[in-house]
*Asks:* 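Got a structure for you, questions after.
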Amino acid sequence: MPDNLPVTSDVAPSRARNLIVAVAAVVLAAAMFLGIRTQSAVPSLSALAASAVPFEEAQTNGKPTLLEFYANWCTSCQAMAADMAELRDSYGDRVNFVMLNIDNNKWLPEMLTYRVEGIPHFVYSRADGSPIAVAIGEQPREILSDNLDALIAEAPLPHQQNFGRLSAIEGDVVSRSAVNDDPRAHGSAVVN
């Protein structure tokens, strides 16, 4: 360094820069903390299930029931958790909210009874425990709310899939004996 150049101090600008970095770090940390707290306000499926009405109690307590088959890994179930918590807050005094985890083998008989093939799988039941409708897949809050209002009023559900037998066809439409009595024929109509 040549001797004839003046020595300048850049202490003041570096202090200002350090102060700005420190303030920015504190603001970002606070934003992350608040963001994490906001996300955790959504109830988990496990928490909802733990506070749900037990299945056995719902069968005998004289209130209509919304039964949900779910799994913790189900993204549609997770997406509906906040809506289900709000619905339970609004209707929980008049409707049983029951949650059965399909990953628990204990509920296998119920899964077979209600023909659970996709989740979330909702079953609407009357106060006497008889099922009247099902809904499969992610449901908008408004549809669930409309159905719960009708369930409480013992009126037909406005948004429903029928429960039970759906086909209007009765009996054996095509008689196998007319074609071939051999069960290995698989319905072939080969005539000799």
Side-chain angles (χ1 to χ4, degrees), residues 39-174 176 183 186-187:
Q39 289 177 352
S40 65
V42 174
S44 70
L45 291 170
S46 297
L48 284 173
S51 62
V53 175
F55 180 73
E56 296 78 14
E57 179 183 330
Q59 298 299 304
T60 59
N61 70 4
K63 292 196 301 191
T65 298
L66 177 61
L67 170 62
E68 177 183 1
F69 290 92
Y70 77 100
N72 288 324
W73 48 262
C74 170
T75 55
S76 293
C77 302
Q78 293 167 0
M80 293 183 65
D83 285 344
M84 294 306 293
E86 289 176 17
L87 288 168
R88 188 162 54 189
D89 288 345
S90 299
Y91 294 93
D93 59 333
R94 297 166 286 161
V95 175
N96 296 312
F97 284 83
V98 178
M99 294 182 67
L100 303 181
N101 189 334
I102 65 162
D103 289 332
N104 185 341
N105 289 337
K106 172 183 178 182
W107 304 119
L108 185 58
E110 286 75 16
M111 287 186 279
L112 294 172
T113 298
Y114 297 111
R115 293 180 284 177
V116 177
E117 295 177 0
I119 55 172
H121 182 107
F122 299 95
V123 178
Y124 295 89
S125 298
R126 293 185 182 101
D128 66 2
S130 61
I132 58 172
V134 298
I136 301 169
E138 195 168 335
Q139 304 291 310
R141 184 182 189 284
E142 295 78 25
I143 286 179
L144 290 166
S145 180
D146 289 349
N147 281 345
L148 290 172
D149 287 335
L151 187 65
I152 292 165
E154 298 180 1
L157 275 57
H159 312 284
Q160 75 172 356
Q161 295 174 359
N162 291 331
F163 187 84
R165 192 170 170 178
L166 300 177
S167 177
I169 299 174
E170 294 185 21
D172 188 11
V173 178
V174 178
R176 288 184 177 219
H186 302 287

*Asks:* Can you say whether the rings of His121 and Phe69 are parallel (under 30°), tilted (30 to 60°) or perpendicular (over 60°)?
*Replies:*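 Judged by the thresholds at 30° and 60°, the geometry between His121 and Phe69 is perpendicular.
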*Asks:* Looking at every heavy atom in both Gln78 and Asn72, which two are closest together, and how far apart are they?
*Replies:*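 Answer, listing the atom of Gln78 first, then Asn72: NE2-O, 2.5 Å.
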*Asks:* Among His159, Glu86, Met84, exactly one meets side chain to side chain contact (heavy atoms under 4.5 Å, CB included) together with Leu144. Which residue is that?
*Replies:*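 One option only clears the test, and that one is Met84.
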*Asks:* Does any non-hydrogen side-chain atom of Glu68 lie less than 4.5 Å from one of Leu48?
*Replies:*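 No, too far: nothing below the 4.5 Å cut-off.
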*Asks:* After noting the C-alpha distance and the side-chain angles of Leu45 and Met99, does the key distance pass the side chain to side chain contact (heavy atoms under 4.5 Å, CB included) rule?
*Replies:* CA-CA 9 Å; Leu45 291 170; Met99 294 182 67; 4.2 Å; yes
*Asks:* Looking at NZ of Lys106 and CE of Met111, how far apart are the two atoms once the value is rounded to the nearest 0.5 Å?
*Replies:*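 Those atoms lie 12.0 Å apart.
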*Asks:* Within this structure, what is the CG-CD distance for the pair Asn96 and Gln59, rounded to the nearest 0.5 Å?
*Replies:*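 Here the interatomic distance stands at 8.5 Å.
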*Asks:* With no hydrogens and no angle check, is any side-chain donor or acceptor of Gln139 less than 3.5 Å from a backbone partner on Gly137?
*Replies:*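 Yes, because the side chain of Gln139 sits within donor-acceptor range (under 3.5 Å) of the backbone of Gly137.
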*Asks:* Evaluate the side-chain proximity of Phe97 to Leu87: yes if any heavy-atom separation is below 4.5 Å, no if none is.
*Replies:*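 Side chain of Leu87 against side chain of Phe97, heavy atoms only: contact under 4.5 Å found.
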*Asks:* Tell me whether Glu56 at atom CD has more than 12 heavy atoms from other residues, nucleotides or ligands lying less than 6.0 Å away.
*Replies:*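 Buried by this count: over 12 neighbours within 6.0 Å.
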*Asks:* Between CG of Asp149 and OH of Tyr91, what distance do you get to the nearest 0.5 Å?
*Replies:* 3.5 Å
*Asks:* To the nearest 0.5 angstrom, please state how far the CG atom of Leu108 sits from the OG1 atom of Thr113.
*Replies:* 9.0 Å
*Asks:* Quick check: do Arg88 and Leu66 have side-chain heavy atoms less than 4.5 Å from each other?
*Replies:* no
*Asks:* For Ala71 and Ile102, work out which heavy atoms get closest and say how close.
*Replies:* CB-CG1, 3.9 Å
*Asks:* Is there a side-chain contact between Trp73 and Asp103, using heavy atoms and a 4.5 Å cut-off?
*Replies:* yes
*Asks:* Side-chain contact, heavy-atom cut-off 4.5 Å: Val134 with Tyr124?
*Replies:* no
*Asks:* To the closest 0.5 Å, what do you measure between CZ (Arg94) and CG (Leu151)?
*Replies:* 11.0 Å
*Asks:* Working to the nearest 0.5 Å, report the span between CD1 of Ile119 and CG of Asn101.
*Replies:*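 Between Ile119 CD1 and Asn101 CG, I get 8.0 Å after rounding to 0.5 Å.
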*Asks:* Looking only at heavy atoms, what is the nearest atom pair of Val95 and Leu148, with distance?
*Replies:* CG1-CD2, 4.0 Å
*Asks:* Would a 4.5 Å heavy-atom cut-off, applied to side chains only, mark Ser125 and Leu67 as touching?
*Replies:*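 Result no, sub-4.5 Å side-chain heavy-atom pair not found.
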*Asks:* Please report the closest heavy-atom contact between Pro120 and Ser76, naming both atoms and the distance.
*Replies:*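 Of all heavy-atom pairs spanning Pro120 and Ser76, the closest is CD-CB, 3.7 Å.
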*Asks:* Within the 4.5 Å heavy-atom criterion, are Pro158 and Asn147 side-chain neighbours or not?
*Replies:*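 Contact flag for Pro158/Asn147 side chains = yes.
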*Asks:* For Gly92 versus Lys63, what's the shortest heavy-atom pair and its separation?
*Replies:* O-NZ, 3.4 Å
